Amino acid sequence: MDGFIESWPHLVGGFVATGLVTAATLPALVRASPARVAMVTSAFFVASLLSFPVGGTRVHLLLLGLAGVVLGRAAFPSVLVGLGLQLLMFGHGGYTTLGINALNMGLGALCAGLAFHLLPRSLRAWIRGGVAGFLGTLVGLLCYGATLLAAGEALRATAWAVIALHLPVLAIETVITAQAAAFLERVRPDLLGDSGGTPPAALSGAVAGPSGEAAP
Amino acid sequence: MIGRALAALLLLAAPALAHRLNADARLVEGEVLLEVYFSDGAAPADATVEVLRGLEPIASGVADDQGRFRWRPPGPGRYLFVVTEPGLHKAQVEIDVPSAAPVAVPDSASISVPASASEERAHARAPAGEADPPHRGGTPWGGVAAGLGVIAALTLILALAQRRRGAG
């Protein structure tokens, strides 16, 4: 988005909003399992390398659904760190639009986490994961499109084009999140916060246990 | 299990590469040759090019399917090429055109008589002065390692902070 969004109120607003949401979700990150945070942040960071051609351009995976499902509220600062590292290490995105990008993607991850944990637990994890992956990616894309639309009439066509180009990503993310949720339910259900139906501390705001690790 | 999944994800990054848009410009026989490509070397489709002198747009066009755009500058000066691609990628590059832009003159020692008709056709296809594009693309392993290192360091700080809080 760097170079397309040049209105300073938008850019500054993006950083301010990202700062506020980060402040609100940072306690969840501090309470979350470090290994879990590292795993998700690393996957999100590397995901931008997984690009494929669509309609003459290239799009890449987002893994917002996975981030939200595993980390809950802690996904927002995790996404922010991942985006910052993508910018520093790969030159993806732009410095001026980092705030807006983090807000758009972070909100998607938060919605994914919320959807996964609010859906009835009687539903299989892969269904909840698929819905979370779909919603999280969709919200991220819609926020992205809304940002472009708010930037002016000139970017209206671009906004719709970008959303359309990412529809394959939406489908892939839905499948990936569903598969990941099903896999984790089999081998590490604690990573989904499904132990005994208790939502993760990162989402419910529960106090960390004596070990320092967030209670599942 | 998680480690294996993460390793698989990292290995998947090997063939599928980053997608930053890059632009290189150089003078070839008095023309500016602009080359646009993604980080993995792929050329974008329908990349529009705008040429600016200062803040004033003076020319525009579309790169070909190989990501190349040729333009003859009207005179010496500094020109900015802004490339926009439909997937919301943008790149720009500046080039200084000197007052006496060099024209490539073939070195007599390098002229060779083609030994066969196919070699003659190959010589005809390659314009004089236009070198093969530099190698581009490849997974930025250095960036991946550095990024993962930063994540590991931040994770360590988080773990130490949690342990300290738990002990306190």
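Per chain, numbering begins at 1; letters A, B, ... match sequence-line order. Since the structure is predicted, the reported quantities are computational estimates derived from the model, not experimental observations.
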> Considering residues, nucleotides and ligands other than A/Trp126, do more than 12 of their heavy atoms fall under 6.0 Å from its CH2?
Replying inline: no
> With chain A, which of B/Gly143, B/Gly142, B/Ala159 has the greatest number of heavy-atom pairs at distances under 4.5 Å?
Replying inline: B/Gly143
> Which heavy atom in A/Leu29 sits nearest to a heavy atom in B/Gln162, and how many Å separate them?
Replying inline: O-NE2, 4.3 Å
> Could you give the distance from OG (A/Ser78) to CG (B/Leu154), rounded to the nearest 0.5 Å?
Replying inline: 10.5 Å
>> Can you confirm whether B/Phe81 is buried at CZ, in the sense that more than 12 heavy atoms of other residues, nucleotides or ligands lie under 6.0 Å from that atom?
In response: yes
>> If you count heavy-atom pairs within less than 4.5 Å of chain B, which of A/Ala161, A/Pro53, A/Gly91 leads?
In response: A/Gly91
>> Between B/Ala146 and chain A, with a heavy-atom cut-off of 4.5 Å, which part of the residue counts as in contact: side chain, backbone, both or neither?
In response: both
>> Using side-chain heavy atoms (C-beta onward) and a distance below 4.5 Å, is A/Pro34 in contact with B/Leu156?
In response: no
>> For A/Ala38 versus B/Thr155, what's the shortest heavy-atom pair and its separation?
In response: CB-OG1, 3.2 Å
>> Please give me the minimum heavy-atom distance between A/Phe45 and B/Val144, naming the atom from each residue.
In response: CE2-O, 3.7 Å
> For the atom pair OG (A/Ser42) and CG (B/Leu148), what is the distance rounded to the nearest 0.5 Å?
Replying inline: 5.0 Å
